[in-house]
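Only a predicted model underlies this, so the values are computations on that prediction, with no experimental measurement involved. All residue numbers in this chain count up from 1 along the given sequence.
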Amino acid sequence: QDYTYKELAAFVYDITGQTPRQLDLPKPWVKAMGNIFAKSSNPLITPDLAEIWSEDYAAPLSAEGYAAEAEKKDGILTFADFGIVPIPIEKIAFEYLHRFRAGGHFVLAEGYHGNVK
C-alpha cells in the first residue's frame, strides 16, 4: 500500500499516542524557513527537503511491472534479487514505535500497576 507523508505521520502519531499540532504551510514559506535553517550546523530542514516533501512519490510501476522488468537481461533489481521479503508497515511498526509512547507498552497492558490511579 502507498501512503502520503501526511498519512505516515498520522500513522506514527496514532501508534505513539502523540497529538502534535500539524500545520499545512505553503511551500514558499517552508522553503524560506529552509533557507534560514540551512545556515545552521545541523539543519532540520533545507530548501531541497522542502521541495522533496512537497510532493508524494508513487512508484512508476506496479508489482507486476517490476517483476517483468527484473526478468529482462539488464532489468532492474528488486527486493527478491537480494532475498528480501517486504513486510507491511502495519505488521512491524508497533514493534519499533511503542518505545516512543509515554509509558511504553505498559500503559496498554492491565495488571502492571495494580489499581493505582
Side-chain angles (χ1 to χ4, degrees):
Q1 174 157 354
D2 296 328
Y3 295 99
T4 64
Y5 288 121
K6 192 171 189 173
E7 290 170 335
L8 283 174
F11 181 75
V12 169
Y13 295 142
D14 183 47
I15 290 176
T16 58
Q18 299 176 21
T19 54
R21 187 174 303 161
Q22 295 178 346
L23 299 172
D24 287 326
L25 298 174
K27 186 163 94 172
W29 290 16
V30 178
K31 285 182 83 167
M33 290 179 359
N35 282 324
I36 294 167
F37 283 121
K39 294 173 180 29
S40 70
S41 62
N42 189 15
L44 298 174
I45 188 169
T46 63
D48 292 340
L49 281 175
E51 196 66 44
I52 291 169
W53 289 345
S54 68
E55 293 187 30
D56 292 310
Y57 174 78
L61 298 175
S62 64
E64 296 80 20
Y66 278 110
E69 282 292 319
E71 292 183 14
K72 294 181 181 176
K73 181 180 178 205
D74 293 327
I76 59 175
L77 297 175
T78 63
F79 284 138
D81 294 321
F82 297 102
I84 300 171
V85 178
I87 299 173
I89 192 171
E90 296 87 356
K91 289 189 176 186
I92 200 161
F94 184 80
E95 185 176 325
Y96 293 103
L97 295 173
H98 77 275
R99 66 191 80 181
F100 299 103
R101 179 186 289 271
H105 69 280
F106 295 102
V107 296
L108 299 177
E110 295 290 327
Y112 282 108
H113 306 291
N115 292 329
V116 177
K117 294 196 184 220

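Taking 4.5 Å as the limit, every side-chain heavy atom of Phe11 sits out of range of all side-chain heavy atoms of Asp14. At a threshold of 4.5 Å between non-hydrogen side-chain atoms, the residues Ile45 and Trp53 count as touching.
From Leu49, atom CG reaches atom CE of Met33 across 11.5 Å, with rounding to the nearest 0.5 Å. Separating the CD1 atom in Ile87 from the CD1 atom in Ile92 is a distance of 4.5 Å, to the nearest 0.5 Å. Here the CD-CD distance, from Glu55 to Glu51, works out to 7.0 Å after rounding to the nearest 0.5 Å. From Ile15, atom CD1 reaches atom CZ of Arg101 across 8.5 Å, with rounding to the nearest 0.5 Å. Leu8 contributes atom CG, which lies 11.0 Å from atom OH of Tyr13 (distance to the nearest 0.5 angstrom). To the nearest 0.5 Å, the span separating CD1 on Ile52 from OG1 on Thr46 amounts to 7.0 Å.
Both Leu97 and Phe94 belong to a single network of hydrophobic side chains, linked directly or stepwise wherever heavy atoms of I, L, V, M, F, W or Y lie under 4.5 Å apart. Ile89 and Tyr5 fall into different hydrophobic clusters, where Ile, Leu, Val, Met, Phe, Trp and Tyr side chains are chained together by heavy-atom contacts under 4.5 Å. If you chain together hydrophobic residues whose side chains sit under 4.5 Å apart, Val12 and Leu23 never meet in one group.
Heavy atoms only, all atoms of each residue included: Ala38 and Pro43 are closest at CA-CB, 3.9 Å. Of all non-hydrogen atoms in Lys27 and Ala50, the two that sit nearest each other are CD-O, 4.4 Å.
In this view, Ala68 satisfies the side-chain contact (heavy atoms from CB on, under 4.5 Å) rule with no residue, not counting sequence neighbours.
Without hydrogens or angle criteria, Glu7 side chain to Thr4 main chain gives a donor-acceptor distance under 3.5 Å.
Within 6.0 Å of CZ in Phe79 there are 12 or fewer heavy atoms belonging to other residues, nucleotides or ligands. Environment of NZ in Lys6: sparse, with no more than 12 heavy atoms of neighbouring residues, nucleotides or ligands closer than 6.0 Å.
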